[in-house]
Amino acid sequence: MQTRHTYLIIALLLVSSISFAQPDSLWSRTYGGIEGDYCCDALRTADGGYLLAGTTNSYGEGASDFWIVKTDESGDSLWSRTYGSQASESCNDAIQTSDGGSVLAGTVHENLNPDVWVVKTNGVGDSLWSWRFDGGGEDHCDGVIQANNGDYVIAGRTQISEYDTDLLLVKMDTDGDSIWSRTYGGIYSDDCQGVIQTDDG
């Protein structure tokens, strides 16, 4: 009886492996230069192509910059853009916006303390505005969404004392002007990795 059970389990495993076989790859592409380049988000665009957002150490002005690559549906690169300064910028999240552009959110490392940095682009990657949040200590952004009314909400963390960070939530309008900001936390360090909009707004 034990042997029959063993064969049955093996047979089920074989059927499962056949039923859930992985699909064949249609294509693969690499993008980047001679230094480290990283992708944090891949977004499907209305034309069937893709928008890849992340951080580049190969291109741009500083040690690292925000970077987006636009491809067609076959993954061939159509254009790319970098956003940054002589400082180091790292992109942690990206979204497509209702106007066909994108918003990139992350951190700019300048002087001793990093700040939150947000860049808005149009549909061909031209920068429309950028916004920076300096809470006085170390500030980081790890999530961004576009709300139903078109405003943007970013989430991350901000340093409120030498050994303590709180969750940071900021709402800004479509021009990148801050509407309000809130912090949430207790006596120890708190961090936020993402943000969503709920059904009640």
Side-chain angles (χ1 to χ4, degrees), residues 40-41 43 45-46 51-56 60-70 79-161 164-185 189-201:
C40 67
D41 269 301
L43 311 172
T45 53
L51 189 71
L52 310 177
T55 303
T56 177
E61 297 195 28
S64 63
D65 284 333
F66 284 16
W67 187 36
I68 56 176
V69 178
K70 176 68 177 73
W79 51 261
S80 69
R81 301 283 189 276
T82 61
Y83 313 91
S85 62
Q86 292 299 315
S88 296
E89 291 85 16
S90 55
C91 181
N92 297 323
D93 197 16
I95 59 169
Q96 280 189 286
T97 54
S98 57
D99 60 3
S102 62
V103 167
L104 313 177
T107 306
V108 54
H109 301 266
E110 191 173 30
N111 302 320
L112 293 177
N113 295 322
D115 292 335
V116 170
W117 197 48
V118 179
V119 175
K120 173 72 175 74
T121 79
N122 62 15
V124 292
D126 298 323
S127 176
L128 301 180
W129 51 259
S130 64
W131 176 86
R132 185 166 175 166
F133 175 86
D134 181 3
E138 294 190 8
D139 306 296
H140 299 267
C141 177
D142 289 301
V144 59
I145 61 169
Q146 185 170 28
N148 292 338
N149 66 351
D151 293 337
Y152 304 107
V153 179
I154 63 118
R157 70 182 186 272
T158 184
Q159 185 175 10
I160 60 171
S161 68
D164 189 9
T165 61
D166 278 356
L167 275 64
L168 173 69
L169 194 67
V170 180
K171 188 173 186 179
M172 63 184 70
D173 62 22
T174 54
D175 295 320
D177 297 318
S178 177
I179 299 173
W180 51 255
S181 65
R182 301 284 189 274
T183 59
Y184 310 91
S189 291
D190 307 287
D191 191 8
C192 181
Q193 299 292 322
V195 57
I196 62 169
Q197 183 165 32
T198 55
D199 291 339
D200 59 3

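Index from 1, following the sequence. Here the structure is a predicted model, which is why all the values come from computation and not from measurement.
Using a 4.5 Å heavy-atom cutoff, the side chains of D134 and D139 are in contact. Q197 is listed as a side-chain neighbour of N148, based on a closest heavy-atom distance under 4.5 Å. Taking 4.5 Å as the limit, some side-chain heavy atom of T45 sits within range of a side-chain heavy atom of K70. Taking the side chain as every heavy atom from C-beta outward, H140 and L168 never approach each other to under 4.5 Å. Residues L169 and Y184 meet the side-chain proximity criterion, which asks for heavy atoms closer than 4.5 Å. Taking 4.5 Å as the limit, some side-chain heavy atom of D142 sits within range of a side-chain heavy atom of D191. Put simply, the side chain of V103 reaches to within 4.5 Å of the side chain of V118, judged on heavy atoms.
Looking only at distances, no side-chain donor or acceptor of D175 sits under 3.5 Å from a matching main-chain atom of D177. Using a distance-only test at 3.5 Å, with no hydrogens or angles considered, no donor-acceptor pair links the side chain of R157 to the main chain of E138. Of the possible polar contacts, one joining the N92 side chain to the C141 backbone as a donor-acceptor pair under 3.5 Å is found. Checking side-chain atoms of Q96 against main-chain N and O of L43 turns up no donor-acceptor pair under 3.5 Å.
Considering every non-hydrogen atom in both A155 and V195, the closest pair reads CB-CB, 3.8 Å. Contact between S181 and V170 at its shortest, heavy atoms only, is CB-CG2, 3.7 Å. When all heavy atoms of W67 and S80 are compared, the closest pair comes out as NE1-CB, 3.6 Å. For the pair D115 and G137, the tightest heavy-atom approach, listed with the atom from each and the gap, is OD1-O, 4.3 Å. Of all the heavy atoms in V119 and S130, the pair that sits closest is CG2-CB, 4.1 Å. Nearest heavy-atom pair across A87 and H109 is CB-O, 3.3 Å.
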Applying side-chain contact (heavy atoms from CB on, under 4.5 Å), run through W131 and V116 and close with a yes or a no.
CA-CA 8 Å; W131 176 86; V116 170; 3.9 Å; yes
After noting the C-alpha distance and the side-chain angles of K120 and D99, does the key distance pass the side-chain contact (heavy atoms from CB on, under 4.5 Å) rule?
CA-CA 11 Å; K120 173 72 175 74; D99 60 3; 3.1 Å; yes
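From I160, atom CD1 reaches atom OG1 of T165 across 7.5 Å, with rounding to the nearest 0.5 Å. Once rounded to the nearest 0.5 Å, the distance linking CG of D166 with SG of C192 reads 11.5 Å. Taken to the nearest 0.5 Å, the CG atom of N113 stands 12.0 Å off from the OG1 atom of T107. In this structure, CG on L167 lies 9.0 Å from OG1 on T183, to the nearest 0.5 angstrom. In this structure, CD1 on I95 lies 6.5 Å from OG1 on T97, to the nearest 0.5 angstrom. Rounding to the nearest 0.5 Å places CE of M172 at 10.0 Å from CZ of F133.
No side-chain donor-acceptor contact under 3.5 Å links T56 and D65.
In this structure, the ring of W117 has its center no less than 6.0 angstrom from the ring center of Y83.
For D126, the side chain to side chain donor-acceptor pair (under 3.5 Å) partners at least two apart in sequence or on another chain are N122. Residues forming a side chain to side chain contact (heavy atoms under 4.5 Å, CB included) with T55 (at least two apart in sequence, or on another chain): S64, S90, C91.
The salt bridge (charged side-chain N to carboxylate O under 4.0 Å, His left out) pairs that include a residue from residues 87-96 number zero, where partners must be two or more places apart or lie in different chains.
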